[in-house]
Amino acid sequence: MRVSVVTPSFNLGYYLEDTVRSVIANLRPDDEYFIIDGGSTDNSVDVIRQYESSITSWVSEHDAGYADALAKGFARATGDILCWINAGDLYLSGALDIARQMLTADVDFVFGDDLYIDEKNRVLSYSNGWVPDLLTATLFGGWSPLQDACFWRRSLYERAGGMNPKLQYAADYDLFLRMSLVGRTRYVPVTFSAFRRHVGQKSVSGSSAYDVERKQVRARELREYKEYGELQKKLRGGMFRLAMSARSRLAPLVWRRPGVVGKQVLDLSCASDWHRADRSCTNVG
């Protein structure tokens, strides 16, 4: 199955090269890679041009935000499997091949685990993406899977209506919620990627705006959801929001990989043996 990867980017040239190299290292000959740059004024275009021969296509032009950039990228994609990795984040070696294996005939969307890394590519912590049912967690709990560790069929993306380019912050939650409403989803115990913590990133600076948008998206889908009556929706919403809040607090204590903290993420892969001391990246444990 062909994989199409999209990277949206804007003025993140300092981190972009590591991202591009991690994607290229994972690509098979038929795979596609698109970089949609928002008209960066730093060295981003220079970085892209350095790897242009391994990139399917790229643009650098003004856009309406990261969701608009992703919509442009996915509109170009012809692969059977879609995913995106933000500038600064990384795929571990072997990630795309394992995603291909996990997207079996009975599943449309897989989501897994990732690592948090710092500006020097050192591992800060491990993040487990497990929930027993993605639809329940997203619709009633307001939870979203780890974006960089998500892979889905293009047919599901199209059936769900694709990326909403008008959203500025919670476009990932919006897309994953709509796909979980119409597709077959599955958690897979695989550490696919690394999410970088760095100064000024939108997921931190725009956290309040993200919450506002996420609540609006969730309310919209709850109004349309007909499986339960209004009272049942409210009860389940209250219960699962508490459950997801508790999960967020307990996850760092329950799921840990202390032996990998401080290591260089570029030395790790889904196929490496770092898991021997820290439990397998392909084992729930």
Taking atom CZ of Arg159 and atom CG of Asp108, what is their separation to the nearest 0.5 Å?
-> 5.5 Å

How many angstroms lie between OG in Ser180 and CH2 in Trp143, if you round to the nearest 0.5 Å?
-> 10.5 Å

Any idea which heavy atoms bring Leu12 and Ala87 closest together, and the distance?
-> CD1-O, 3.7 Å

Using atom types as modelled and distance alone, determine if a side-chain donor or acceptor of Ser44 lies under 3.5 Å from a backbone N or O of Ser40.
-> no

May I ask you to decide whether Asp174 forms a salt bridge with Arg178, counting only side-chain N to carboxylate O separations under 4.0 Å?
-> yes

When you check the gap from the basic side-chain N to the acidic O, do Arg2 and Asp31 get nearer than 4.0 Å?
-> no

Over all atoms of both residues, closest heavy-atom pair of Met1 and Leu103 = CE-O, 3.6 Å

Test item: side-chain donor near acceptor, Asp211 and Ser208, under 3.5 Å | no

Among all residues two or more places apart in sequence or in another chain, which pass the side-chain contact (heavy atoms from CB on, under 4.5 Å) test with Lys120?
-> Tyr14, Asp118, Arg122

Report the residues that fulfil side chain to side chain donor-acceptor pair (under 3.5 Å) with Asn43, sequence neighbours left out, ordered by chain and then residue number.
-> none

Cluster link Met244 to Leu235, ILVMFWY, side chain under 4.5 Å = no

For the atom pair OG (Ser93) and CG (Asp267), what is the distance rounded to the nearest 0.5 Å?
-> 11.5 Å

Which heavy atom of Ser144 sits nearest a heavy atom of Tyr210, and at what distance?
-> CB-OH, 4.2 Å

Is Thr136 reaching over with its side chain to a backbone N or O of Asp133, donor-acceptor style, under 3.5 angstrom?
-> no

Look at the side chain of Arg197 and the backbone N and O of Glu119, then say whether any donor-acceptor pair between them is shorter than 3.5 Å.
-> no

Does Thr78 offer a backbone N or O that forms a donor-acceptor pair with the side chain of Glu32 under 3.5 Å?
-> yes

Among Leu92, Asp148, Ile98, which one satisfies side chain to side chain contact (heavy atoms under 4.5 Å, CB included) with Phe192?
-> Ile98

Is the Tyr157 to Phe74 ring centre distance short of 6.0 Å?
-> yes

Heavy atoms only: give me the nearest Ser193-Tyr91 pair and the separation to one decimal.
-> CB-CD2, 4.0 Å

When Tyr126 is tested against each of Thr191, Asp113, Asp114 for side chain to side chain donor-acceptor pair (under 3.5 Å), which residue passes?
-> Asp113

Would you kindly confirm whether Phe240 and Val217 end up in one hydrophobic cluster when ILVMFWY residues are joined by side chain heavy atoms under 4.5 Å apart?
-> yes

Residue pairs involving residues 232-242 (criterion side chain to side chain donor-acceptor pair (under 3.5 Å); sequence neighbours excluded) = Glu230-Lys233

Verify the cluster assignment for Leu146 and Val190: are they in a single hydrophobic cluster under the rule of side-chain heavy atoms below 4.5 Å apart?
-> no

Does atom CZ of Arg28 have more than 12 heavy-atom neighbours, drawn from other residues, nucleotides or ligands, at distances under 6.0 Å?
-> no

Please confirm whether the backbone N or O of Gly65 pairs with a side-chain atom of Gln168, one donor and one acceptor, at under 3.5 Å?
-> no

Would you say the side chain of Pro165 lies within less than 4.5 Å of the side chain of Asp63, judging by non-hydrogen atoms?
-> no

Within the side chain of Thr19, is there an N or O that forms a donor-acceptor pair under 3.5 Å with the backbone of Asp89?
-> yes

Please confirm whether the backbone N or O of Trp255 pairs with a side-chain atom of Asn128, one donor and one acceptor, at under 3.5 Å?
-> no

What are the two closest heavy atoms between Ala77 and Phe34, and how far apart are they?
-> CA-CE1, 3.8 Å

Among Thr7, Asn26, Thr56, whose side chain to side chain donor-acceptor pair (under 3.5 Å) with Tyr33 holds?
-> Thr7

Mind checking whether Val265 and Leu90 have side chains closer than 4.5 Å, heavy atoms only?
-> yes

Are any of the side-chain heavy atoms of Cys150 and Val110 separated by less than 4.5 Å?
-> no

CZ on Arg218 to CG on Leu222, rounded to 0.5 Å | 5.0 Å

Test log, rule side-chain contact (heavy atoms from CB on, under 4.5 Å), inputs Asp106 and Arg186 = CA-CA 10 Å; Asp106 62 339; Arg186 179 180 297 164; 2.8 Å; yes

Path from Phe111 to Val254 over hydrophobic side-chain contacts below 4.5 Å = yes

Any donor-acceptor pair under 3.5 Å linking the side chain of Arg214 with the backbone of Ala171?
-> no

Would you please name every residue forming a ring pair (Phe, Tyr, Trp, His ring centres under 6.0 Å) with Phe176, sequence neighbours left out?
-> Trp84, Phe109, Trp152

All side chain to side chain donor-acceptor pair (under 3.5 Å) counterparts of Asp18, not counting sequence neighbours | Asn121

Can you name the nearest heavy-atom pair linking Leu181 to Leu139, along with the distance?
-> CD2-CD2, 4.3 Å

Determine, for Arg100 against Asp80, whether the closest basic-nitrogen to carboxylate-oxygen distance falls under 4.0 angstrom.
-> no

What pairs with Glu158 under salt bridge (Lys or Arg N to Asp or Glu O under 4.0 Å), at least two apart in sequence or on another chain?
-> Arg154

Might you work through the side-chain contact (heavy atoms from CB on, under 4.5 Å) test for Leu115 and Leu268, ending with a clear yes or no?
-> CA-CA 10 Å; Leu115 302 169; Leu268 306 177; 4.0 Å; yes

Between CD1 on residue Ile35 and CD on residue Glu52, distance to nearest 0.5 Å = 9.5 Å

Counting N and O atoms only, with roles assigned by atom type, does the side chain of Arg196 sit under 3.5 Å from a partner on the main chain of Ile117, one being a donor and the other an acceptor?
-> no

Indicate yes or no: at least one non-hydrogen side-chain atom of Val20 is less than 4.5 angstrom from one of Ile48.
-> no

Quick check: does any side chain N or O of Asp172 sit under 3.5 Å from a backbone N or O of Gln147, one acting as donor and the other as acceptor?
-> no

Any side-chain heavy-atom pair of Leu124 and Val261 under 4.5 Å | no

If you group Ile, Leu, Val, Met, Phe, Trp and Tyr by side-chain heavy-atom gaps below 4.5 Å, do Phe10 and Phe195 land in one group?
-> no

Criterion side-chain contact (heavy atoms from CB on, under 4.5 Å) on Tyr173 and Thr138, from CA distance to verdict | CA-CA 8 Å; Tyr173 171 78; Thr138 53; 4.3 Å; yes

Given side-chain contact (heavy atoms from CB on, under 4.5 Å), test Tyr51 with Ile24 step by step and report yes or no.
-> CA-CA 9 Å; Tyr51 295 93; Ile24 291 172; 3.9 Å; yes

Starting at CZ of Arg247, measure out to CG of Leu242 and round the result to the nearest 0.5 Å.
-> 15.5 Å

